[in-house]
Novice: 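Got a structure for you, questions after.
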Amino acid sequence: MFQGGIAMPEYNPREIEPKWQKRWEDDKLYKAVIDHDKPKFYALTMLPYPSGDIHIGHWYAMAPSDARARFKRMQGNNVLFPMGFDAFGLPAENAAIQRGVHPKGWTLRNIDRERQQLRSMGAMFDWDREAISCLPGYYRWSEWFFLKFYEMGLVYRKQAPVDYCPSCKTTLAREQVIGDERICERCGAQVVKKDLKQWFWKITNYADELLDFSKIDWPDRIRLLQTNWIGRSEGASVVFKIAPEDLPDDVDPAMGDLVVFTTRPDTLWGSTFMVLAPEHPLVHVITKPEHHEEVHAYQIQASRQTEIERLSTDKEKTGIFTGAYAINPVNDARIPIWVADYVMMGYGTGAIMGVAAHDERDFKFASKFALDIPVVIEVAEWIEDGRPLPLPHAYPGEGNMINSGPFDGTPAPYPAKEKVTEWLAERGIGKAAVNYRLRDWLISRQRYWGIPIPIIYCDTCGAVPVPYEDLPVLLPDDVDFRPTGESPLKYHEGFLNTTCPRCGGPATRETDTMDTFVCSSWYQYAYLSPYYREGESVTGDATPIDPEEMAYWAPVDTYTGGAEHAVMHLLYTRFFTKVMRDAGLVNFDEPMLQCRNQGIILGEPRCGDCVDVKGTREGSAFRAESLTVYSFVDEKSWPDPVSSDTRVCGELMDRDDVSLKVRVSSDGALVVVLVDEGLAVDIPGKEGQGAITDILYHLDVEKMSKSKKNVVAPDDLVAKYGADTVRAYLMFGWRWEQGGPWNGQGMEGVIRWINRIWNIITEEPRAPEAAGDGAPRELLRAVHYAIKSVTADMESFSFNTVIARLMELTNALSRAKPALWSTEVWDEAITALLLMLAPVMPHIAEELWAHLGKPYSVHTQPWPTWDAAMLVEEMIEVPVQVNGRVRGRVTISADADEEAIKMAALADENVQRHLEGKQVVKVIVPRGKLVSIVVK
RNA sequence: GGGGAAGUGUCGGAAUUGGCAGACGAGCAUGACUUAGGAUCAUGUGCCGCAAGGCGUGCGGGUUCAAGUCCCGCCUUCCCCA
């Protein structure tokens, strides 16, 4: 390497990164301590689940968040940026069942490994505040919250049909059941309904408040998802009585009051039938004996369908008449009661009033079963000669009420809805009501590896909460893991058997544990004083968090993480904070003031390995007798594609465990190659005998997964390029909120840039030049423009343009170096560059900072500020448009007035050419930045 | 079916209030230095055209001196909900 006077080694991240990481740790550089002289800033990024490896997605989420936290710190804030582990959960227990390792050991080992991996990132995590949710010092407070919620009347236990995953062998919250197929969000198995006695938290008490986002700056997408999830609708509940003769004598007459919820009480007069959900408890009570068999068969059939199938408006409606009638309370009409699967037990009351003319599904149902379709909202375009035409479809729109007794002529839905509701209330047959889609939070899980639910069952006293003073209810270590589908706690005598805290009699403990989302609902507070008062006995009046820490740091100022938690974690934690507020534990309403979501890094598209197979034709397929593999990395040395009777050769496009799909020509023709189990497969670069599933097949953009072998491992990247390069690339390569496929090539651009920075600062110029007059000014302009842009872009999470602006500044330095090296301006410029690099690439920034002899540490320096005066240019170039097309440019003094710019523009040679023979209609000079000439 | 987000070179992506489309980087091409290059440096690179010029931000209209950006109507992809 060509060098100037000072010998300086090449950039070597393997040496400088561990060096500075150790120094920062020794110096406690990132320890967050309360300091009332500084504004606090709590930056938080979602904590990982310790599954064994930190992957590139974690880096993508955390590294830019770290850069922003560091930026905030340099701006003068006292920044807290903690990290911990969401350590309870199913994978640990599955590992225990499948491989005989204890969940605790498995989890803690994974945490040790992941903590090391996270340290290599060089983030400013304050490890002194680490919190691990599966440790008693943490979950003791999770239990405490359960008791506090219980005390506040927000906890109840009920028998209910709940979603149950047969594969995970536990119940799930409604939020954990995904989409049309009703699959488990964890394992992908289809969820079934099960009737179990379970614990619920009354999140619905806070439904309305959770709809209010006015105090937080959160992504629109999240707010919309939460709003839809809560699903508030306003309307009325109306009581329909079952016709007295249809109610069996041995039934309490009060049971004959069928309450329905409707968002359109103004259409009540058009209700000509009622529909009950197949699961409705009244169905078997009122069904006439002659209909019993049919109705029962229908109930069974309905239970087999998914919710999606049942609710689809496209679907042919099905249903069955019960033989019973109800009375429409507004006109005393006798209306038939049907059972149909398009009514769900989970929504409203599980019973609806059918208004055929004004609801699409009711219309289809009524059409199918030839029920009356009376119109009660005037539909102007469907009336001819004053008589209504048969409706082609339902009319849910506006119009005046008709055929509705006292309300004829009232405009609907407004103000008709209010008026009808008042009228119903006066008569005691209905009232205003609000319905929510949101259900209470089901927190019971039939698993071992979770927070014990602090409840004791006593034959005399019933369910009794464990006294606060007795917490924590410890999870026993010595349990048997059997794939029985029941919690091992059920068979642990020492855990199970206890005495009733109320009467002292023999009792048993609750063996279900809590949903892991309970842990993460309050972890942002746990960091403030991890494992607070561990080992001490506490009461219900205690505070789970050190009050001084809480008062200073909370709430979170910026929260970053994945959008996949929109209706689970991000809703639960808001709920949790609101309850904590009502319990007097915090004095604010929202846990995180600002929230931003990063996208997902997908796998890199890659070509498959090439296989060269000798064998014989077998119909349209080919049976392999020998097989040679050429790695996808050596594409140039692949043999040409072949498809003959004895040989098939080409890129592997897909495979399963007995066959390969091989692309045998450039037009994409595929041959299926059958491979017997014992066939020898040599994979280049792999020890010993391979299996055909080890051969890599062609991949388009897909999620990273171990089975597809397209996972990008941060550890490998750090080993090859250093953490600084990985951090910078993750900030540069994608729009952060969006993410996208990985591209290994892009990394090269960043390492080149970093090497250039290193060389620019550490090497003297090879061919110094005399400085021109404008050079210092030009460099300073570049510096101040960069400071201005980078400051704004850091603030707005626009990380890719942060890097672009820093690269531009590097280019400017590169140009200016021969003339300005070691001048005052040069020093100002490289100082500013290093300060701005510090949040992005903390190690190299520190190393070069030290190299320049500046005081340790670059990370405790103030963020540079920009001077507007520095941005002003003396001469500016103004583009000149003629009829909207750029026809010339004029360079003119920046302080020239509009008239001078106009004159210069009109004088331009090329502009003149385009004005020839035309008449200038108008000349516009917006903000002196451009000239627009209109000609005819 | 309803709601939301997105659509810009070969690729990732830039583009305050409507104001020079394609910043920055990758890739590619040419050259320099090299025993060598997948290193480094320099130059070029939206498309068509020798050029003048023309065409270009999913498609079709509109507003405007000026539209990636605003309005209307479509198409495609992804997400959420029913």
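In what follows, chains carry the letters A, B, and so on, assigned in the order in which the sequence lines appear, proteins first and then strands, with residues in each chain numbered from 1.
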Novice: Do the ring centers of A:W441 and A:Y572 come within less than 6.0 Å of each other?
Specialist: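 For A:W441 and A:Y572, the ring centres are under 6.0 Å apart.
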
Novice: Taking only residues two or more places apart in sequence, or in another chain, which ones meet A:L224 in a side chain to side chain contact (heavy atoms under 4.5 Å, CB included)?
Specialist: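 For A:L224 the side chain to side chain contact (heavy atoms under 4.5 Å, CB included) partners, ignoring immediate neighbours, are A:N228.
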
Novice: Protein-nucleotides 42-48 of chain B N/O pairs closer than 3.5 Å?
Specialist:
none

Novice: Do any N or O atoms of the protein come closer than 3.5 Å to N or O atoms of nucleotides 27-34 of chain B, and which pairs are they?
Specialist:
from   : atom 1 : to     : atom 2 : distance (Å)
B:rG27 : OP1    : A:Q745 : NE2    : 2.3
B:rG27 : OP2    : A:R752 : NH1    : 3.4

Novice: Using side-chain hydrogen bond (donor to acceptor under 3.5 Å, both in side chains) as the criterion, list what pairs up with A:S796, not counting sequence neighbours.
Specialist: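 Expected list: none.
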
Novice: Could I get the full list of side chain to side chain contact (heavy atoms under 4.5 Å, CB included) partners for A:V935, not counting sequence neighbours?
Specialist: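 For A:V935 the side chain to side chain contact (heavy atoms under 4.5 Å, CB included) partners, ignoring immediate neighbours, are A:V882, A:N883, A:L915, A:K918, A:V920, A:I933.
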
Novice: Among all residues two or more places apart in sequence or in another chain, which pass the salt bridge (Lys or Arg N to Asp or Glu O under 4.0 Å) test with A:K368?
Specialist: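 Once residues adjacent in sequence are excluded, the partners of A:K368 under the salt bridge (Lys or Arg N to Asp or Glu O under 4.0 Å) criterion are A:E316.
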
Novice: How does RNA chain B read in dot-bracket, base by base from 5' to 3', with Watson-Crick or G-U pairs under 3.5 Å and | used when the partner is on another strand?
Specialist: (((((((..(((......[....)))((((((.......))))))(((....)))..(((((..]....)))))))))))).

Novice: Sort and list the pairs that fulfil salt bridge (Lys or Arg N to Asp or Glu O under 4.0 Å) and have at least one residue in residues 722-749 of chain A, not counting sequence neighbours.
Specialist: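 Sorted result for residues 722-749 of chain A: A:D66-A:R727.
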
Novice: Strictly below 4.0 Å: does A:R223 bring a side-chain N or O up to OP1 or OP2 of B:rC80?
Specialist: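 So the side chain of A:R223 is outside the cut-off, no N or O lying under 4.0 Å from OP1 or OP2 of B:rC80.
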
Novice: What residue pairs, at least two apart or across chains, pass ring-ring contact (aromatic ring centres under 6.0 Å, His included) with a residue in residues 872-894 of chain A?
Specialist: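 As it turns out, there is no ring-ring contact (aromatic ring centres under 6.0 Å, His included) pair with a partner in residues 872-894 of chain A once direct neighbours are skipped.
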
Novice: Report all interatomic pairs (protein N or O, nucleotide N or O of nucleotides 9-18 of chain B) with separations under 3.5 Å.
Specialist:
from   : atom 1 : to     : atom 2 : distance (Å)
B:rG12 : O2'    : A:G733 : O      : 2.0
B:rG13 : O3'    : A:N800 : ND2    : 3.0
B:rA14 : OP1    : A:N800 : ND2    : 3.2
B:rU17 : O4     : A:R927 : NE     : 3.1
B:rU17 : O4     : A:R927 : NH2    : 2.4

Novice: Once salt bridge (Lys or Arg N to Asp or Glu O under 4.0 Å) is applied, what residue pairs with a partner in residues 797-816 of chain A remain, sequence neighbours excluded?
Specialist: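 Checked against salt bridge (Lys or Arg N to Asp or Glu O under 4.0 Å) - neighbours excluded - the pairs reaching residues 797-816 of chain A are A:R805-A:E808.
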
Novice: Closest-nucleotide mapping onto RNA chain B: is A:M807 or A:W229 further toward the 5' terminus? I mean the 5' end.
Specialist: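 In this pair, the answer is A:M807.
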
Novice: Partners of A:T810 by side-chain hydrogen bond (donor to acceptor under 3.5 Å, both in side chains), sequence neighbours excluded?
Specialist: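 For A:T810 the side-chain hydrogen bond (donor to acceptor under 3.5 Å, both in side chains) partners, ignoring immediate neighbours, are A:W753.
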
